[in-house]
There are 2 protein chains.
Amino acid sequence: MVYTYLYNAFKCATMQFLRDHFEKLITLTDKEFQYILQFFRSRRIMKKQFLLQEGDPVTQEYFVVKGCLKSYVLDSEDRSHIMQFALPDWWISDYQALVTQSPSSMFLEAVVPTQVLCITREDKERLCAEMHKMEHFFRIKNAYGYIGLQRRILSMLTGSAKERYEQLLQQYPDLFQVVPKQDLAAFLGVSRETLSRLYSKNK
Amino acid sequence: MVYTYLYNAFKCATMQFLRDHFEKLITLTDKEFQYILQFFRSRRIMKKQFLLQEGDPVTQEYFVVKGCLKSYVLDSEDRSHIMQFALPDWWISDYQALVTQSPSSMFLEAVVPTQVLCITREDKERLCAEMHKMEHFFRIKNAYGYIGLQRRILSMLTGSAKERYEQLLQQYPDLFQVVPKQDLAAFLGVSRETLSRLYSKNK
């Protein structure tokens with residue numbers, strides 16, 4: 001009984017988190033949100049567990065409710081290069097593989113214990129086709145994502161390691177609480193030693 | 001009379017080019033396309049003319065019909081860093097400024113004589129709100145754009161200058177016909193000397 005109560009409270013909080021996320025850009029009736037919910041499936045994964053590994057078929061997109069995920073590629077010398085982190089309220093997948101329906105070129109791994117809501121590509125497309133406001137939501141989300149990547153490219157082209165580090169710290173201070181230094185270095189494209197130097201200067 | 005005929009033929013070709021572009025992802029009736037067309041305005045600019053300069057208000061997005069545009073920032077030492085090229089069939093603007101309604105942080109300049117179709121932010125939003133299929137079109141376009149930027153980031157993180165050059169050559173061979181070497185170097189984030197070395201090796 002207590003378990004059921006806790007389970008329902010947990011489920012409720014998760015659902016509300018998703019609803020709040022949508023309602024930053026669109027408004028939904030209870031009925032509409034109930035309809036949308038059926039397309040999502042909750043999943044919990046442990047630290048260092050994979051949602052995707054290189055070569056896997058990619059069928060889903062993930063919305064982070066708790067924890068943190070990272071997507072990365074391994075180069076020919078097994079060095080990891082981080083494409084994206086995803087904290088709560090962020091979406092993540094191997095988008096190239098998802099859209100082109102090709103095998104994953106990335107790893108998608110939990111940095112800490114993580115809960116996600118998953119939606120398949122087909123269900124997302126169906127939801128967008130059936131509900132104009134969901135199509136609008138994802139168009140605007142994509143536009144913000146595009147801008148974020150443009151900013152990252154500019155900081156890679158123009159900024160020194162120090163500037164890139166400070167920009168990341170300013171934009172996403174939460175990342176520094178969750179993500180190990182070596183992952184931040186792999187995201188910024190600097191060595192771990194360089195990052196440590198920047199860290200100590202910043203204290 | 002001949003002039004009117006030529007003008008109409010030119011206008012027709014431009015309109016058909018835009019329609020073909022939309023119809024790669026959606027289908028449109030003649031009536032729908034006529035409705036969409038009223039939101040676009042044609043503009044021709046000379047080589048080295050600007051559509052945007054740093055500090056300008058950004059109100060429009062541009063669809064390239066002929067020619068080539070480049071968007072770039074200048075760093076504190078007046079070096080240019082190229083964010084994007086846009087060949088025919090591509091969209092370009094300073095998206096961060098457009099979405100956040102802040103002044104442009106970029107320059108948008110014609111690499112060669114160029115014709116664009118312009119649409120304002122308000123008109124695009126109106127079009128998307130009124131026509132679900134246009135909202136769909138731009139969501140999918142954004143998704144492709146996002147993937148393109150992710151690919152570029154990965155090539156910046158993992159690739160040598162040589163690999164980045166070869167990847168660009170393979171993906172966008174047309175760019176090499178139109179864009180001067182110094183612009184390609186500013187896009188790849190390498191010196192002009194490095195690019196010249198890569199060029200000569202590739203012949």
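The basis for the numbers below is simple: all heavy atoms, side chains too, and nothing from hydrogens, waters or symmetry mates. The chains referred to below are lettered A, B, ... by the order of the sequence lines, with proteins before strands, and numbering in each begins at 1.
- The number of heavy atoms from other shown groups lying within 6.0 Å of CD (A/Gln38) is above 12.
- Neither the backbone nor the side chain of B/Tyr72 comes within less than 4.5 Å of any heavy atom of chain A.
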Derivation of the side chain to side chain contact (heavy atoms under 4.5 Å, CB included) call for A/Glu125 and B/His136
CA-CA 10 Å; A/Glu125 291 305 315; B/His136 176 74; 3.9 Å; yes

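- Atoms SG and CD1, on A/Cys128 and B/Ile140 in that order, are 7.5 Å from each other to the nearest 0.5 Å.
- Note that OH of B/Tyr146 and NZ of A/Lys141 are 10.5 Å apart. Values are rounded to the nearest 0.5 Å.
- Proximity to chain A (any heavy atom under 4.5 Å) is restricted, for B/Met106, to the side chain, taken from C-beta onward.
- Judged by distance alone, the side chain of B/Asp75 and the main-chain N or O of A/Thr158 form no donor-acceptor pair under 3.5 Å.
- B/Arg139 contributes atom CZ, which lies 4.5 Å from atom CD of A/Glu135 (distance to the nearest 0.5 angstrom).
- What you find for B/Tyr95 and A/Ile147 is that their closest heavy atoms are O-CD1, 3.6 Å.
- Of the inter-residue distances, the one linking B/His132 atom NE2 with A/His132 atom NE2 reads 5.5 Å to the nearest 0.5 angstrom.
- Summarising the geometry, atom CD1 belonging to B/Ile153 is positioned 4.5 Å from atom CZ belonging to A/Arg152; distances are rounded to the nearest 0.5 Å.
- Of the residues considered (B/Ala186, B/Ala129, B/Gly148, B/Gly189), B/Ala129 shows the highest number of contacts with chain A, using heavy-atom pairs under 4.5 Å.
- Counting heavy-atom neighbours within 6.0 Å of B/Tyr144 OH, excluding the residue itself, gives a total of 12 or less.
- In this structure, the portion of A/Arg151 lying under 4.5 Å from any heavy atom of chain B is its side chain and not its backbone.
- For A/Lys48, the NZ atom sits in a loose shell: 12 or fewer heavy atoms of surrounding residues, nucleotides or ligands are nearer than 6.0 Å.
- Contact tally against chain A (heavy-atom pairs below 4.5 Å) for B/Gln150, B/Met156, B/Gln84: the top residue is B/Gln150.
- When all heavy atoms are compared, the tightest approach of A/Phe187 to B/Leu157 is O-CD2, 3.9 Å.
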